Amino acid sequence: MAGLCEGGNEPLGSLKAMRLSGYSSTEHHVKIFLAAGFEEACQYRYWNLNTRELAFREYLEDLSSAPRDSVIIMGMCAHNPTGYDPTHDQWTQIADVMEERQLFPFFDASLMGLSSGDIDADCWPVRYFAERGFELFCAQSFAKTFGLYDERPGNLTVVLSNEDAVIATKSQFAVIVREMYATPPSHGVRIVATVLNNPVLFEDWKDNVRSMAHRLTDCRHGLKARFVRLNTPGQWDHIAVGRGMYISTGLKRKYLISNFQGNS
């Protein structure tokens, strides 16, 4: 995903500002974006630590105050690290603000299918933005959904509103990629391509992703149940409500360390 972000950010470096989600791998991304020529890398508010839910009002406020032409990184689904995603209605409001402010969407699609179990349902935000006429980037990784962590296969999708710009855009990316890595290993990509282009294997893969998503949901409900059974101070509904691999528990660092040491 880092390589996709770096490749996508190089041509965007001439834009004025960069705004990142406060609950993404911001430190890593900040360095990449600043190295690509961005004047600033900011965080927008996403998670309410007190109520343990999406801080949607603050999210929209920060988008509304972002400089025009800012690039906005957004998790497509199964948000890292909270597990909370905007609803369809909230995505519509986000798109309204971004359209008004002329902000550029850059989607992180590394967990497709691991939120709802349905890859089409999880892709809805990107497709919705494209249908509304947004130009956008979407960095998609198959490392998690194919279990290829050591290969990191993926792609960068570029949506353009002007068909005449396709050839020039491809040319620019060819130059950027040549300077970055020229010819990367193809083993993981060939595995993904084989599966996605074979109807039988593709259906098997979707079933596997669906099973994993259901397994993650079971784990979330199980974790909540254990917190409740142990009379752990706090409210834990958000663990079961969220989706995917990531959870922002709300547990205090001091509490975790003291209990870990006490049980060692």
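Every value quoted in this text rests on a predicted model; they were computed, and no experiment measured them. Values reported hereafter were calculated over all heavy atoms of this structure, with side chains retained and with hydrogens, waters and symmetry mates removed.
Hydrophobic clustering keeps Val189 apart from Leu148 (ILVMFWY residues linked when any side-chain heavy atoms are closer than 4.5 Å, directly or through intermediates).
Taking the side chain as every heavy atom from C-beta outward, Pro125 and Phe107 approach each other to under 4.5 Å. Side-chain contact between Tyr84 and Arg243: absent, with no pair of heavy atoms (C-beta onward) separated by less than 4.5 Å. Inter-residue side-chain proximity for Arg45 and Glu61 is flagged as met; some heavy-atom pair is nearer than 4.5 Å. Within the 4.5 Å cutoff, no side-chain heavy atoms of Arg101 are placed close to those of Leu63. Within the 4.5 Å cutoff, the side chain of Tyr46 has heavy atoms near those of the His79 side chain.
In this structure, His238 contributes its side chain and Ser248 its backbone to a donor-acceptor pair below 3.5 Å. Formation of a donor-acceptor pair under 3.5 Å by the Gln140 side chain with backbone atoms of Ala109 is not found in this model.
When every heavy atom of Ala78 is checked against every heavy atom of Tyr246, the shortest pair comes out as O-CD1, 4.0 Å. What you find for Leu201 and Val195 is that their closest heavy atoms are O-CG1, 3.6 Å. Closest approach of Phe142 and Gly154 over heavy atoms only: CD1-CA, 4.1 Å. The shortest non-hydrogen separation linking Asp85 to Ser115 is OD2-OG, 3.7 Å.
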Show the numbers, then the answer: is there a side chain to side chain donor-acceptor pair (under 3.5 Å) between Ser110 and Asp108?
CA-CA 6 Å; Ser110 59; Asp108 176 345; 3.3 Å; yes
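Relative ring orientation between Phe129 and Trp91 is described as perpendicular, the plane-to-plane angle rising above 60° on a 0-90° scale split at 30° and 60°. Aromatic ring orientation, Phe137 versus Phe106: perpendicular (interplanar angle above 60°, classes split at 30° and 60°). Using the six-membered ring where Trp is involved, Tyr59 and Phe56 have ring planes that are perpendicular, over 60° apart on the 30 and 60° scheme.
By the 6.0 Å contact criterion, NE2 on His214 is enclosed, its count of non-hydrogen atoms from other residues, nucleotides or ligands being greater than 12. In this structure, Arg132 places its CZ atom where more than 12 heavy-atom neighbours from other residues, nucleotides or ligands lie under 6.0 Å away. More than 12 heavy atoms of other residues, nucleotides or ligands lie within 6.0 Å of CG in Leu230, so this atom counts as buried by the packing criterion.
Residues Asp237 and Lys224 are paired through a salt bridge, judged by an N-O separation under 4.0 Å between the basic side chain and the carboxylate. A salt bridge links Asp207 with Arg210: the distance from a Lys NZ or Arg NE/NH1/NH2 to an Asp or Glu carboxylate oxygen falls below 4.0 Å.
With values rounded to the nearest 0.5 angstrom, Thr217 atom OG1 is found 11.5 Å from Met212 atom CE.
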